[in-house]
Amino acid sequence: MAKNNKSNDPMAKLVALCKRRGIVFQSSEIYGGVGSTYDYGPYGVEIKNNISRLWWKEMTLNHDEIVGLDSAIILHPKVWEASGHLKEFHDPFVECKNCKRRIRFDEFIKECYAILMRKFNIISKAFDNGELIKPSQLSEDSPERQVMERILELAEFQQLSGIKITSDDADEIVIEYVLKNYNQCSTCGAKGTLLPPREFNLMFRTNMGPVENADSIAYLRPETCQGIFLDWKIVQESNRLKVPFGIAQIGKAFRNEITTSNFIFRTREFSQMEMQYFVKPGETSKWINHWKEQRWNYYLSLGIKEENLRWYEHPQEKLAHYAKEAWDIEYQFPFGWGELEGVHDRGDFDLKAHQEASGKDMTYFDDGTRERYHPHIVETSAGLNRTMLAVLADAYREDEQAGEQRIYLALDPKIAPVKASVFPLVKKGGLREIARAIYEDLRGQIPVFYDEQGSIGKRYRRMDEIGTPYGFTIDFQTLEDNTVTVRWRDTLKQERINKDRLGTYLLEKLGTL
RNA sequence: GCGAGAGUAACUCAGUGGUAGAGUAUCACGUUGCCAACGUGAAGGUCGCGGGUUCAAAUCCCGUCUCUCGCUCCA
């Protein structure tokens, strides 16, 4: 455990709270931890489940035309060829860090040689009136002389040794020369922004069956939506769905990110909540706007403050290979704005790609209008883990009570892992027995927590840290009039209500479970 | 990937060659009339890992791993 100054870093404080209360913590910790893997403890899994259940409910219960699906994580390898992920995720690329444009490596080599030849032409004209230039005619420290000498050295080495020099060796020299001396992006024109070629292999690769060979290679899905695209016709036909309709799925996806960062914000294993909405061509923008509004409201319903949310529209040149129009909902994390969800126009890219690759018909026939077409897809794709991080970051509060710092999570009651605590003020005088009875009555229908240990203040604080919104305390007045104290997490205010009304009180406050 | 720093109890840390410690947290019992009270006690540690030097290593040396910060990167 590294020592660092946590006193002023809100993220560090949130991470510490998550570990202290067993909400989220480093996975495989007894072996020193694996980078970027986290486990969700008892309260963490409740919070995560609450968020995903609210999403599921919003999608499937509130919409007749949206149905659920749980597709496989490992799909046929050809899926990823057709979807473009193998090509886009696998080849070496040279990337411009300014405009983020990636140039395929083989294209880039051609560009490099073109630059080199152009340069030599210019030099040879200047020096030699168009005659072939010799290295000695170039100034000692010119980059052209250096690259030329190195290539000649290679040729000489090949001649003397008989060892064949591959074109890769020469390529390396030329690429190095271009990156060092003429590093300019052909798309945006920025200078010095091209990064050395690297292989982007973002899919987790594994093998189907015990034999490892080229034929058995399989991939863990890098996005959940492909399963929806493969299954959409059977879902549509078996459920007699008519365009527009949607298919919702919650599941894990895996990406071999180059780097991971910011706690559970970017991890290699993560959960997506995706709803793919199948619409008639030409109606896309109407539905994009519809879902933008719907999805925005979802985050408000989780209790996230609206001023911490914003829309970000992807500029055309940054769009993913499948997207035509793309909007992201971003949250203002302590470390900056970060994407929570994308509302994207995927057009008919996916269905057409799978039709072509599989040879299976992927069109929809509209019985009403007698039209046959590939539906266009409006995608809403949310990250569950980062949504939970946003919810936690948004709920984290510190205040001061009687000179003592209090840390609490102002979670929406719908999200809170425990809805109410049940405490006897003290153990004696029969209070414990009444508290126990109330607790036994509530649990099983509502998540509640019983505690009798330590002072009442300490018990409240423990509940504050996991965001329990209500505290029921059984005191001596309970013996007289059957009322208990309800204590609110955020304001610390109290009221008294009849002990038989606690269940309905909670259900009223929660609105839903 | 590069540079710097850090790894000792669940947490925060002290401990410069000679019996591994404190505070907080946890648990038990007592006490306790509403916001981290108190008393007594208990449990909890391969000092990141491996090797070396030494009569003796948490401490010195070498290697290694992990984490943090800054660059870099981030479908």
Side-chain angles (χ1 to χ4, degrees), chain A residues 1-7 9 11-13 15-17 19-22 25-26 28-36 80 83-90 93 95 97 100 102 193 195-196 198 200-203 222-223 253-263 265-268 270 272 314 318-323 326 328 335-336 338-339 342 344 381 383 399-408 421 423-429 431 452-465 471-479 484-489 491-494 496:
Chain A
M1 300 308 105
K3 295 170 190 181
N4 56 344
N5 182 11
K6 287 179 180 171
S7 57
D9 178 358
M11 266 313 279
K13 287 194 281 194
V15 172
L17 170 65
K19 183 173 185 188
R20 185 164 69 245
R21 288 298 162 205
F25 40 85
Q26 176 79 64
S28 305
E29 201 169 35
I30 65 166
Y31 288 104
V34 187
S36 156
W80 308 113
S83 70
H85 285 88
L86 260 183
K87 201 169 140 201
E88 285 283 327
F89 278 36
H90 201 270
F93 281 85
E95 185 173 328
K97 67 180 172 185
K100 306 287 179 189
R102 288 181 183 173
T193 57
L195 300 164
R198 288 179 320 180
F200 284 77
N201 187 359
L202 291 175
M203 280 197 290
E223 59 183 21
F254 303 83
R255 293 179 198 180
N256 252 324
E257 298 288 357
I258 297 151
T259 55
T260 55
S261 61
N262 294 321
F263 196 35
F265 181 76
R266 173 172 280 105
T267 53
R268 296 194 173 95
F270 59 102
Q272 290 187 307
H314 290 230
K318 262 192 75 177
L319 290 176
H321 62 276
Y322 51 76
D328 290 346
F335 51 80
E339 177 190 350
H344 298 169
S381 174
D399 64 11
E400 210 176 280
Q401 300 298 332
E404 292 278 352
Q405 185 194 49
R406 180 175 78 118
I407 293 173
Y408 65 105
S421 57
F423 301 153
L425 184 59
V426 293
K427 291 176 204 166
K428 63 178 185 182
L431 299 187
E452 59 179 33
Q453 194 192 319
S455 73
I456 190 75
K458 196 167 185 174
R459 283 177 270 163
Y460 283 148
R461 296 297 170 83
R462 277 198 283 250
M463 285 292 105
D464 289 341
E465 283 204 330
F472 300 147
T473 300
I474 287 73
D475 51 30
F476 289 98
Q477 196 180 326
T478 310
L479 298 173
V484 305
T485 301
V486 180
R487 176 259 195 192
W488 284 300
R489 173 195 64 202
T491 60
L492 307 184
K493 286 194 177 132
Q494 306 190 342
R496 300 199 68 87

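It should be emphasised that the depicted structure is a prediction, and the values quoted were computed from it without experimental measurement. In what follows, chains carry the letters A, B, and so on, assigned in the order in which the sequence lines appear, proteins first and then strands, with residues in each chain numbered from 1.
- When distances run from any side-chain atom of A/Tyr460 to the nucleotides B/A36, B/G33, B/C34, the shortest one goes to B/C34.
- Look at the P atom in both B/C13 and B/U53: the space between them is 35 Å, to the nearest Å.
- Shown here, B/U64 forms a base pair with B/G48; the pair counts as Watson-Crick or G-U wobble because both key distances fall under 3.5 Å.
- B/G17: no Watson-Crick or G-U partner with both key distances under 3.5 Å is found in any strand.
- Across all strands shown, B/A37 remains unpaired; no Watson-Crick or G-U wobble contact has both distances below 3.5 Å.
- Among the heavy atoms of the strands, none lies under 4.0 Å from A/Arg20.
- In this structure, of B/G33, B/A36, B/C34, it is B/A36 that holds the atom nearest to the side chain of A/Ser455.
- Counting to the nearest Å, the C1' atom of B/C11 and the CD atom of A/Gln26 are 16 Å from each other.
- Pairing partner, B/U24: B/A10, with both Watson-Crick or wobble hydrogen-bond distances short of 3.5 Å.
- Between A/Phe423 and A/Tyr460, the ring planes lie tilted relative to each other; the angle falls in the 30° to 60° range.
- Counting only distance, with no hydrogens or angles, the side chain of A/Arg462 and the backbone of A/Arg21 share no donor-acceptor pair below 3.5 Å.
- When all heavy atoms are compared, the tightest approach of A/Ile407 to A/Asp464 is O-CB, 3.9 Å.
- The same atom, P, is picked in B/C61 and in B/G44; the two are 33 Å apart, to the nearest Å.
- Across the protein-nucleic acid pair, A/Ile407 atom CD1 and B/U24 atom C1' stand 13 Å apart, rounded to whole Å.
- Between B/U8 and B/U68, the distance separating the two P atoms is 14 Å to the nearest Å.
- No hydrogens or angles were tested; on distance alone, a donor-acceptor pair under 3.5 Å links the side chain of A/Arg487 to the base of B/C35.
- Distance check on atom P: B/G41 versus B/U16 gives 29 Å, rounded to whole Å.
- For the P atoms, the distance linking B/U46 with B/U59 amounts to 16 Å, nearest Å.
- Nearest heavy-atom pair, A/Leu479 versus A/Gly429, reported as atom, atom and distance to 0.1 Å: CD1-O, 3.8 Å.
- Summarising the geometry, the separation between NZ on A/Lys19 and C1' on B/A25 is reported as 13 Å, rounded to the nearest angstrom.
- A/Arg489 places its CZ atom 19 Å from the C1' atom of B/C34, with the value rounded to the nearest Å.
- Contact annotation for A/Gln453: backbone-only contact, meaning every heavy-atom pair under 4.0 Å involves sugar-phosphate atoms and none involves a base.
- Residues A/Gln405 and A/Val426 each lie close to RNA chain B; by heavy-atom proximity, the contact nearer the 5' end of the strand is made by A/Val426.
- Across B/G15 and B/U26, the matching P atoms stand 27 Å from one another, rounded to whole Å.
- Judged by distance alone with a 3.5 Å cut-off, a donor-acceptor contact links the side chain of A/Gln494 to the base of B/C34.
- Relative to the side chain of A/Asp475, the nucleotides B/C34, B/A25, B/U32 differ in distance, and B/C34 lies closest.
- Protein atom NZ of A/Lys458 is 9 Å distant from nucleotide atom P of B/U24, rounded to whole Å.
- At a threshold of 4.0 angstrom between heavy atoms, the contacts of A/Lys427 include nucleobase atoms, whether or not backbone atoms are also involved.
- As rounded to the nearest Å, B/U31 and B/U12 have P atoms that lie 36 Å from one another.
- As rounded to whole Å, 14 Å separates atom P of B/G33 from atom CG of A/Leu479.
- Using a 4.0 Å heavy-atom cutoff across all strands shown, A/Glu452 reaches no nucleic acid atom at all.
- When the C1' atom is compared between B/A4 and B/U54, the two are found 32 Å apart, to the nearest whole Å.
- The two residues A/Lys427 and A/Glu452 make their nearest non-hydrogen contact at CE-O, 3.4 Å.
- With rounding to whole Å, A/Tyr408 atom OH is found 16 Å from B/A36 atom C1'.
- No donor-acceptor pair under 3.5 Å is formed between the side chain of A/Arg461 and the backbone N or O of A/Arg406.
- In this structure, CZ of A/Phe263 is placed 19 Å from C1' of B/C74, rounded to the nearest angstrom.
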